[in-house]
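Encoded as structure tokens, the structure appears first; notes follow it.
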Amino acid sequence: MVVLRLWRSGASCQGWNSRNYGLQFAGMLYSRLFGKSVRQVPRDARATSYRLLLQGGFVRSLGQGLFTFTPLGMRVVKNIKHVIRQEMEEIGAQEVLAPLVNPREIWEESGRDELIEEAMIRFQDRKGHRLVLAPTHEEAMVELVRQGIRSYRDLPIILYQIQSKFRDEARVRCGLVRTREFIMKDAYSFHSTFTDLNGFFPRMFATYRSIFQRCRVPVIPAQAGVGYMGGDRSYEFLMPCECGDDYLIQCDTCGYAANEEVAVGDCPVHEGETHPIEAVEAPPEDDMRSLNALRQYLEIPRSRMAKAMLYRAADAVVMAVVRGDHEVSEEKLTQVLKKPILGRAGDDILAELQVPGPWLSPIDLPRRDRVHVVVDEVLAAETSLFAGCNRPGAGYVNARFGRDFTADRVADVIRVPEGSGCRHCSDGTLRRMRAMELGNVFRLGTFYTQAMNLHVNDEHGRRVFPHMGSYGIGIGRLLAAVVEANHDERGIVWPPELAPFSVFLMSIGKSLSVRRTADELYRDLQGFTLYDDRYESISHKLKDADLLGIPIRVVVSRESVSEGLVEVARRTGAEPIKVPREDLVATIRTLLEELEDV
RNA sequence: CGGGAUGUAGCCUAGUGGCUAAGGCGCCUGCUUUGGGAGCAGGAGAUCGCCGGUUCGAGUCCGGCCAUCCCGACCA
């Protein structure tokens, strides 16, 4: 069965003008392969996965965040898609393909045209119709389903596609880890009730686990924010990795895991007595630039300062006040306010509110009525704080929430610091590590169906908005993650299901009998074998075999041919074994089965 | 969008105001060679990222732009 599965990726016929005895059948001759390995890669390629993929000839770069998959890489991509398709079909998802280009109107309908700024490319066609390059496909899918269903009887429905997305990212990262154009598997489910969506969620969760397991990437499911996707709840599948651009917070005891932007933890508060508030001034000759400079001058620790940050929300200005050693989580702030944070307040807003940016404070706020103040719960518990008074060079010590300043809301709005206590178990400590987001699942609720007016009649004839979920996996990034998690000092070690070929075949020496034997073996193994038929030195071929990471290596040499044997080795570990020629296929099958069972 | 770095042949590098821009890898031709990136001989390949300036003279100095990478901000 194992070998049969691997035959699916059968390469197209090569060798029509082959100089190699006119071999003409499926499989691949390395001499004919476009995109060969290179000895040296650009100095720019630092990330391990990127370096190995470039060096092995799997991908090439076309511009910032833009990549071409070359034939070898394409075969791996096809195998990843195959795994994903199998798993998606398994839970009843049906494949569709929405266009990369969307009419801008549907983005206006959902409200995300305003929410997503530079990341979405907008343009016009020759008739002046306004179009966008889709950064994701919720709108297109809602529109599709709106045209296709009328009754709750049509639900639930699960659609998925494997399609390109384009996001004009501010920062691309580590080769395929963060690109601007990328291939994504995105699925969307529509349910007549919240309960049904909720019940479906664990099934998709299990599907994701299975996909990542088959791809041999060690992911950790973690609670996450919703960003501009909307909805109320999401999980991300994170793989700890220095290349990532998320931070995973994980409890060292109970296994609680969450993205840093939503993670919760217990952060100790300073002990101490309460004193009356007292004004402080910087010496007049000292030209201090910020509240933080005054804090340093007064030799007060960062953790005793009230730090205020101003944000823009849709129809309000929001001040978040946190301890000086903490960072604001815009995601938590968004959830507290129940409206998206659009970004930091600019100079125009600061001027309008008559406050100096570097000296912001919740105390003595000139236009208190215009600002929605959110105080972090840790800061609210502190009894003696250093704070500003919205005036350069001046501030207060011994300030205290409730007595000296007020809030419209007290809530947890900080990014939990490493070392905080775990709230989910008695004695765990939270650890923070860089991680790569390989997949996500969103419980979107009726956010889009309401905004875009997708509704059906329920069994009582009432109009209901379907509850929606969306589920993404970035394919290029997954490919990079597979390499990050499956390589050694010599090259890539492909998981058997994803390998571009199952067998790497090569011969040693130019003895005609050796060569003929190798050619014959290639015929026997056709469909899943890459045959290195070049007249390169043996060491060169071995290095390439290791770099390309194909699971099984078959070597034909003069010595073994004279004994009627061929040499078979796994990419990792054990010494090569010699088997009779007629047993080769069976041996390979056994080895592949072992590899898949690991 | 901020901070930093780098642009010299397909790739990696040298060249620190002065002759015809140097070497390695790779590529092409020929011969030899095959158990861990072979050897010899010959050959092709560069408007030194682009524009402008300084200078008798610029790959080299100055300014602007562009591109790429790294770190941060932002981001499913």
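Sequence lines set the chain letters: A, B, ... in the order given, protein chains first and strands last, and positions in each chain run from 1.
- Where A/R434 and A/Y50 each meet RNA chain B at their nearest nucleotide, the meeting point lying more 5' is that of A/Y50.
- A cation-pi arrangement, defined by a distance under 6.0 Å to the six-membered ring centre and an angle within 45 degrees of its axis, is absent between A/R571 and A/F504.
- Summarising the geometry, the separation between CG on A/D245 and C1' on B/rC70 is reported as 14 Å, rounded to the nearest angstrom.
- Nucleotides B/rC27 and B/rG10, compared at atom P, are 15 Å apart to the nearest Å.
- Comment: A/E327 does not engage A/R415 in a salt bridge, judged by the lack of any side-chain N to carboxylate O separation of less than 4.0 angstrom.
- The partner of B/rG18 is B/rC56, judged by Watson-Crick or G-U wobble contacts that both fall below 3.5 Å.
- Relative orientation of the A/F205 and A/F237 rings is tilted, given thresholds of 30° and 60° on the angle between their planes.
- The backbone N or O of A/I508 lies less than 3.5 Å from no partner atom in the side chain of A/R558, so there is not a single donor-acceptor pair.
- No side-chain donor-acceptor contact under 3.5 Å links A/R344 and A/Y311.
- The pair A/D376-A/R323 fails the salt-bridge criterion, with no side-chain N (NZ, NE, NH1 or NH2) lying under 4.0 Å from an Asp/Glu carboxylate O.
- Counting distance only, with no hydrogens placed and no angle test, the side-chain atoms of A/Q40 and the base atoms of B/rG10 include no donor-acceptor pair under 3.5 Å.
- Rounding to whole angstrom units, CG of residue A/L62 and C1' of B/rA67 are separated by 13 Å.
- The side chain of A/R171 places no N or O atom within less than 4.0 Å of a non-bridging phosphate oxygen (OP1 or OP2) of B/rC1.
- Going from the C1' atom of B/rC31 to that of B/rC66 covers 48 Å, rounded to whole Å.
- Pairing of B/rC25, defined by two Watson-Crick or G-U wobble distances under 3.5 Å, is identified with B/rG10.
- One interatomic measurement links the two molecules: CG of A/L115 to P of B/rA76, which rounds to 9 Å at whole-angstrom precision.
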Protein proximity profile, nucleotides 3-9 of chain B - base contact B, sugar-phosphate-only contact S, no contact -, cut-off 4.0 Å on heavy atoms: ---S---

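- Judged purely by atom type and a 3.5 angstrom limit, A/H467 has no side-chain atom pairing as donor or acceptor with the backbone of A/T449.
- Of the nucleotides present, B/rG64 is the one that pairs with B/rC50 by Watson-Crick or G-U wobble criteria, both distances under 3.5 Å.
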In B/S/- notation, 5' to 3', how is nucleotides 30-38 of chain B contacted by protein heavy atoms closer than 4.0 Å? ----BBBBS

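- The one candidate from A/K185, A/R85, A/Q161 that meets the side-chain hydrogen bond (donor to acceptor under 3.5 Å, both in side chains) condition with A/E95 is A/R85.
- Which of B/rC71, B/rC1, B/rA76 sits closest to the side chain of A/R173 comes down to B/rC71.
- Judged by Watson-Crick or G-U wobble contacts below 3.5 Å, the nucleotide B/rC1 has B/rG72 as its partner.
- Two residues, A/R344 and A/T179, neighbour RNA chain B, and the one matched to the more 5' nucleotide by heavy-atom proximity is A/R344.
- A/S560 places none of its side-chain heavy atoms less than 4.5 Å from the side chain of A/V555.
- Nucleotide B/rG45 forms no Watson-Crick or G-U wobble pair with any nucleotide shown, as no partner meets the under 3.5 Å limit on both distances.
- Taking the centre and axis of the six-membered ring of A/Y30, the NZ or CZ atom of A/K36 falls inside the cone set by 45° and 6.0 Å.
- Pair assignment for B/rG36 gives none, since no Watson-Crick or G-U wobble pairing has each distance under 3.5 Å.
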